[in-house]
Every structure is written in C-alpha cells, then in structure tokens.
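Here is the structure we will look at.
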Amino acid sequence: MLWPSPISKLLKLNHFPGSFQIGRKDRLWRNLLKMQVRFGKREFSFFPQSFILPHDIKLLKNAWADGSTKQKWIIKPPASARGIGIQVIHRWNQIPKKRPLLVQKYLHRPYLIGNSKFDLRIYVYVTSYDPLRIYMFTDGLVRFASCKYSSSMKSLSNKFMHLTNYSVNKLNAEYKPNSDGKLCQGHKWSLKALWLYLNQKGVKIEQLQEQMKDVIIKTIIASESFVNSQINLYVRNRYTCHELFGFDIMLDENLKMWVLEVNISPSLHSNSSLDVNIKGQMISDLLNLAGFIIPQKGDVTPNGTKSTSASRPKSSDLTPDEKLKRVYYLSQKSPPKDFYSSLLDILTPDDIRMLMESEDEYNRRGQFERIFPGLMSSRYLRFFEQPRYFNILLDLWEQKYGRNRQTAIDVLQELSYRRVHLGSSVNPAHVWHPPKNMFIPKVDISQNGVCKPPRSQESRESPHSTNISLLQPVQQSS
C-alpha cells in the first residue's frame, strides 16, 4: 500500500502504515527474533526457528547439519497467503536457493484432535498504536487438516495432511464442512466449541487463553516502534487508522501456543453459516468499536484543511504544564519503584480527553475483549522500545479502576460536567506542577511528539539514550 503524505483527516483507513512488519512472514520473524535477543527465550520463544533466504543460507546450512536426519522443515514464500507455495521438506536439495523464502523448523508434534492437525484463526483488532489498544474477538475459527496426521517422511507431500488452510483443504474430496458453531464436527469448528471440547478433556482453558493473549500482545509490540514512526510521517489524526489482524496459532502436544503468521488482510468471506455467525458478529462489533465520525458539512473541503474533534493535538497545542508533566515522567532512564504512582493525582485536560476516548471505545467493544491495556499490562511496558506517556497513563488507570469501571466512568463524567477536559479556562486543580527540588531536563518538543534534549545536554548523554515520545496519533487470507 502506498501512503500519501499526509493522509486527510476525513479518511478512515483499515491499515496502519508499517503493519507489514508483522504481516510479512520474513519481517515477523526478524522482529520477533530481535525481541528474543533483547529479552530472552523465556519471554519470546513462541515462534519456530526460521531462516530468510538467500540471506541466511549459511546459517540454515549449519542448523541443518546440526539437526537430526529426521528433522522436517517447512518453506514459505514471505508474502504469500492461502497456503500458496508452502511445502514440507526434509532434504537439502528440495530448497530453492535463488528466490526469497522463509524456511522454518516444522512443528512435527502438534496437538491432535481425532488424529488430525489443526490451527486457530484469532481475530485481533488494533484501534490505536499510541496509546496501544488491542482487542481480541472472543470467538474464532479452528481449521483442521482434512487427512489424518502422520509423521512419516513419505507423507510430507500431502498438503491435506500438513496444511490447515481452508483454501487448501476445501479441495479435498474428504473435506467435511460444519454449519453449527456449537458442534465439534467436520473440519472447521468455532473457537468456543474448541474451548468446550478441551475443557471436557481436563485442559485448563483459562491458562490457554492467557497464553494466547500473551503471545498476541508481544507480537504486536514487536513492530510498535516502526509503526509509530510511520504514523508520525503519514498520519495527522489518531482517528484515521485501525486494523484487523488474523493471527494463525498452533498448539503443540504440550499445549504450547506457537504464532505461525499474522495476516493483515484476513479473509472475511463466508462459505457456511458457521463463518457467517462468527465473522458477521465480529465485523458488526468491529464497526461499532471503530467509532466512525460523520464529518460536518463545514469539515468537508477539497483539501481537508478544517480539523475535526479527533484531530491529533500538536506539540504547540499542549499547555506548558502538560508538556512539563510528560517530560518529568518520561525523562527517567531507570525510574524508581512507584515513580509513576502519582501520575493520576493531577489529570490535565489532555489526560482527561484520552481517558474519555478510551472508556468510550471500551464500552463499544461488543464481543471483543480488550487485552491491552488491562489489569496486567504493566508487565509489558518494558518491551516497548521507548516509553510512551499514554501507555503509562492507561496502565495506571486500569490498575486503579479496571475492576470497577463504573467508578471510572463516574470520575470522568464529573470532570466532563465541569468541562475540565475542554481546557478552555485554567483550572488550578488540574494544572500539574513538578515536585519541589526535582530537576527537570530542558527539552525541545518536536512536531511529531518526541522530546529531544538540547545539543549541550545531548552530547553528554549516551548515544543510546531513549527519545521521549509525547503525543502521537491514535488511531485477505484464509
């Protein structure tokens, strides 16, 4: 997708610039590998070892030599969909050497149901990257391979056995459709039916669901920095972009979840009543969650110069105390414990507007579950390449009010009645002042919401010092 610069405020686009960083198989691997190097395999070991050819051909050859002669590999074109070009192999001479490919260790011990392999299509909706807000639809699709699984080397050419894509398996004469989302039958189930099935088998469903949320959040965060940099270049209104992702996840025999790929254009075609019921409800809830704003007649101009109520505030639109508050809370390289605990004590008008926006959005979620921010979102903040003020604000808000949303709404309604969020007049109770005797570094606040220290100070700091991000825009395959 080619992005104009900048995008009109009146458009609503179903992609974020840069989302291909997880949508392409090769970029997904690179980003997750980078996170694994930074934070270790304990946190980032939910994706198969991969090699990008031709660049990684020597590394692949070494791994191949170190592995078992029975090791299986799966090769995938980096930007294809619907199972096109995918093969399971076990001989070195089966690898094309001259065209771009992703080569992965094959997950040869999947969790089986009825001796068949399956994967999960999970619908994940991101409404904003700064602050990051991630929703997961509570239902999804379970897609089965249409032949019984075998680990035999002789079976590797059988796509109906080793691939779970519906677009592949529907071509098998043995494929059995399923029209009832409540029944565990045929080669496609609902996610809710799978949870019931596993629960009857004694599997702890809550732990599986938390594991699923964990790998989804970490995968989105892996590309967050790049996406936000592109948003700063091309998007001037946080309302402009939203995106639905289709996560393909597989369970191994130990019930560990593996992210296989992320689709930035998941198929919304419906070939059965099962598809209609799940995708139809998901799309309905997504469109409500998107919160489309109908522009006023005066807003519709040929060049889109008039702003709407959702316009991204520029750095010059922030009051001095709002700028100072962001600098104070983001300038600490290693903040002491409970450093952020006072952030909610004085809410500035811009804080209040963001909290209102997030609460309004949350109340339109339907059957989507917001998985970030949430009660446990603070554990993920360390994975961001740089701290973002609104992520910290919403995390603290969730910790304080996540178990009592009505209290949160009452607080915001009271502030709304007093019109504090408009910031049209100075309200001393909502003007932030730094603690006494605290040093605040002098910074320049750039147009894209990044704080930069003056040259004299910058020269004294480490070349790897973190930029301080302020306001930035909020925002088919089968």
Side-chain angles (χ1 to χ4, degrees), residues 16 22 31-32 35 38-40 42-44 46 122-138 206-225 227-228 238 242-243 245 247 257 259 289 326 329-330 332 334-335 337-345 347 351-352 354-365 368-405 407-409 411-412 466 468-472 474-475:
F16 286 94
I22 58 173
N31 283 296
L32 290 176
M35 299 296 280
R38 288 179 62 196
F39 300 106
R42 182 174 180 180
E43 294 288 355
F44 287 87
F46 51 83
I122 309 300
Y123 296 104
V124 176
Y125 181 50
V126 178
T127 61
S128 166
Y129 268 87
D130 186 12
L132 183 61
R133 293 197 295 259
I134 308 172
Y135 293 83
M136 182 182 75
F137 195 60
T138 53
E206 295 79 10
Q207 292 182 7
L208 269 185
Q209 293 170 338
E210 290 305 311
Q211 185 186 165
M212 177 184 289
K213 296 171 192 176
D214 181 69
V215 300
I216 289 171
I217 293 170
K218 289 175 179 174
T219 301
I220 296 291
I221 291 176
S223 67
E224 177 269 349
S225 180
V227 173
N228 267 318
R238 62 176 171 236
H242 63 146
E243 187 150 1
F245 296 95
F247 273 68
M257 292 201 170
V259 173
L289 193 50
R326 283 157 178 69
Y329 283 106
L330 293 176
Q332 302 288 326
S334 300
K337 186 179 180 181
D338 299 327
F339 174 73
Y340 298 120
S341 61
S342 61
L343 191 146
L344 296 181
D345 291 350
L347 296 175
D351 293 342
I352 297 167
M354 175 53 67
L355 294 171
M356 286 179 171
E357 176 185 301
S358 296
E359 285 295 331
D360 284 343
E361 181 183 274
Y362 181 82
N363 287 326
R364 300 193 304 268
R365 69 192 182 282
F368 277 93
E369 177 185 359
R370 193 171 72 187
I371 61 175
F372 189 93
L375 292 172
M376 303 300 293
S377 57
S378 57
R379 74 172 297 266
Y380 296 98
L381 295 182
R382 68 189 180 97
F383 299 134
F384 287 81
E385 192 167 302
Q386 63 183 33
R388 300 192 186 274
Y389 177 80
F390 282 144
N391 285 340
I392 299 169
L393 174 72
L394 292 183
D395 173 62
L396 292 169
W397 186 259
E398 286 300 306
Q399 289 183 45
K400 187 171 183 177
Y401 296 111
R403 291 186 173 88
N404 193 344
R405 299 229 79 89
T407 301
I409 293 171
V411 169
L412 294 176
T466 304
I468 302 169
S469 176
L470 302 185
L471 285 177
Q472 297 187 33
V474 180
Q475 336 275 316

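Note: hydrogens, waters and symmetry copies are ignored here, and every other heavy atom, side chains too, is used.
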Over all heavy atoms of both residues, which pair between Pro373 and Leu394 is shortest? Give the atoms and the distance, please. CG-CB, 3.9 Å
For Glu398 and Arg403, what are the C-alpha separation, side-chain angles and deciding distance, and is it a salt bridge (Lys or Arg N to Asp or Glu O under 4.0 Å)? CA-CA 8 Å; Glu398 286 300 306; Arg403 291 186 173 88; over 6 Å; no
Search all heavy atoms of Leu393 against all heavy atoms of Asp351 and return the closest pair with its distance. CD2-O, 4.0 Å
More than 12 heavy atoms of other groups within 6.0 Å of Met356 CE: yes
As a test of understanding, state which of His242, Glu361, Arg370 forms a side-chain hydrogen bond (donor to acceptor under 3.5 Å, both in side chains) with Thr127. Glu361
side-chain hydrogen bond (donor to acceptor under 3.5 Å, both in side chains) with Arg364: which residues, sequence neighbours excluded? none
What closest approach, in Å, do Asp395 and Gly374 show between heavy atoms, and which atom pair accounts for it? OD1-O, 4.2 Å
Asn404 versus Thr407, side-chain donor and acceptor atoms under 3.5 Å: yes
Polar side-chain atom of Asn363 near backbone of Glu359 as donor-acceptor pair, under 3.5 Å: yes
Spacing of Met257 atom CE and Ile122 atom CD1 [to the nearest 0.5 Å]: 7.0 Å
The criterion is side-chain hydrogen bond (donor to acceptor under 3.5 Å, both in side chains); which residues satisfy it with Ser358, sequence neighbours excluded? Arg133
The single option from Phe384, Phe16, Phe372 that satisfies ring pair (Phe, Tyr, Trp, His ring centres under 6.0 Å) with Tyr129 is Phe16
Working to the nearest 0.5 angstrom, can you tell me the gap between Asp360 CG and Ile409 CD1? 8.5 Å
Decide yes or no on side chain to side chain contact (heavy atoms under 4.5 Å, CB included) for Phe245 and Ile216, but give the supporting numbers first. CA-CA 10 Å; Phe245 296 95; Ile216 289 171; over 6 Å; no
With no hydrogens and no angle check, is any side-chain donor or acceptor of Asn31 less than 3.5 Å from a backbone partner on Ile22? no
Specify the closest pair of heavy atoms between Ile217 and Ile371, including all atoms of both residues, with the distance to one decimal. CD1-O, 3.3 Å
Pairing residues for Glu210 by the side-chain hydrogen bond (donor to acceptor under 3.5 Å, both in side chains) criterion, not counting sequence neighbours: Lys213
Ser342 side chain reached by Tyr329 side chain, heavy atoms, under 4.5 Å: yes
Within the structure provided, determine whether Met136 and Phe247 are in side-chain contact (heavy-atom separation under 4.5 Å). no
Looking at Phe390, does the NZ or CZ of Arg388 lie under 6.0 angstrom from its six-membered ring centre and within 45 degrees of the ring axis? no
How about Leu347 and Trp397: do any of their side-chain heavy atoms sit closer than 4.5 Å? yes
Considering all heavy atoms of both residues, which atom of Val259 and which atom of Thr219 are nearest to each other, and what is their separation? CG2-OG1, 4.1 Å
Is there a side chain to side chain contact (heavy atoms under 4.5 Å, CB included) between Arg379 and Glu43 once you walk through the steps? CA-CA 11 Å; Arg379 74 172 297 266; Glu43 294 288 355; 3.2 Å; yes
How would you list, by chain and number, every residue that makes a side-chain hydrogen bond (donor to acceptor under 3.5 Å, both in side chains) with Asp345, sequence neighbours excluded? none
Nearest 0.5 Å, what's the CD-CD distance between Gln211 and Glu206? 13.5 Å
Measuring from Asp130:CG to Glu224:CD, what's the distance to the nearest 0.5 Å? 7.0 Å
Once rounded to the nearest 0.5 Å, what's the spacing between atom OG of Ser128 and atom CG of Asn228? 8.0 Å
Sequence neighbours excluded, the answer for ring pair (Phe, Tyr, Trp, His ring centres under 6.0 Å) partners of Tyr380 is none
Do Arg365's NZ or CZ and the ring of Tyr135 fall within the cation-pi criteria of under 6.0 Å and 45°? no
Restricting to side chain to side chain contact (heavy atoms under 4.5 Å, CB included), what partner residues turn up for Met35, sequence neighbours left out? Arg38, Phe39, Phe44, Ile221, Ala222, Phe383
